[in-house]
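Take a look at the structure set out below.
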Amino acid sequence: MSEENKFSFENKEYRQTYWHTCSHVLAQAMKRLHPDVKLAIGPSIDNGFYYDFDTPAPFTPEDLAALEGEMRKICKEKLQGAVWRTAAK
């Protein structure tokens with residue numbers, strides 16, 4: 001693998017790591033915006049990632065927009081690895 005493609009979606013390992021990290025960021029954003037929501041599973045999969053949440057009501061388009069905004073905010077923060085473990089609590 002060329003150095004140029006090492007950190008691109010052409011690199012399967014990079015792609016899987018990216019999606020795995022995104023699932024953690026989504027969980028953290030969810031807990032910030034909806035602290036009572038229970039986290040289920042959130043794996044990376046062959047073509048992206050997802051997260052199952054236990055919540056009494058479905059999410060609205062506005063909820064999803066707020067989650068995306070919170071995820072962007074989290075990505076700009078300088079967080080330590082231990083933060084991800086606290087998202088599951």
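Shown here are the salt bridge (charged side-chain N to carboxylate O under 4.0 Å, His left out) partners of Lys38, two or more places apart in sequence or in another chain: there are none. Contacts of Tyr18 classified as ring-ring contact (aromatic ring centres under 6.0 Å, His included), with partners at least two apart in sequence or in another chain: Phe9. Listed by chain and number, the residues in a side-chain hydrogen bond (donor to acceptor under 3.5 Å, both in side chains) with His20 are His24 (sequence neighbours excluded). Looking at residues two or more places apart in sequence or on another chain, you find no side-chain hydrogen bond (donor to acceptor under 3.5 Å, both in side chains) involving Arg15. Scanning for side-chain hydrogen bond (donor to acceptor under 3.5 Å, both in side chains) contacts around Asp52 gives an empty result, with sequence neighbours left out.
Under the 4.5 Å side-chain contact rule for hydrophobic residues, Phe49 and Leu64 share a cluster. Under the 4.5 Å side-chain heavy-atom criterion for grouping Ile, Leu, Val, Met, Phe, Trp and Tyr, Ile41 is connected to Ile45 within one hydrophobic cluster.
Here the shortest heavy-atom pairing between Val25 and Cys75 reads CG1-SG, 4.1 Å. Across all their heavy atoms, Ser8 and Tyr14 have their closest contact at O-CD2, 3.2 Å. Contact between Tyr51 and Ala27 at its shortest, heavy atoms only, is CE1-CB, 3.6 Å. The nearest pair of heavy atoms linking Ile74 to Arg32 is CG1-NH1, 3.3 Å.
The CZ atom of Phe53 sits 7.0 Å away from atom CG of Leu67, with the distance rounded to the nearest 0.5 Å. Atom-to-atom distance recorded for Asp36:CG and Asp54:CG is 11.0 Å, nearest 0.5 angstrom. In this structure, CE on Met71 lies 11.0 Å from CD on Gln28, to the nearest 0.5 angstrom.
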Does the side-chain contact (heavy atoms from CB on, under 4.5 Å) test come out yes or no for Tyr50 and Leu26, once each step is laid out? CA-CA 9 Å; Tyr50 71 93; Leu26 176 58; over 6 Å; no

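Under the side-chain hydrogen bond (donor to acceptor under 3.5 Å, both in side chains) criterion, the residue pairs touching residues 59-69 are Thr60-Glu62, Thr60-Asp63, Glu68-Arg72, with sequence neighbours excluded.
One finds no salt bridge joining Lys76 and Glu70 here, because no Lys/Arg side-chain nitrogen approaches an Asp/Glu carboxylate oxygen to under 4.0 Å.
Using modelled atom types, one side-chain atom of Ser23 and one backbone atom of Gly42 make a donor-acceptor pair closer than 3.5 Å.
When side chains are defined from C-beta on, Thr55 does not count as touching Met30, because their heavy atoms never get closer than 4.5 Å.
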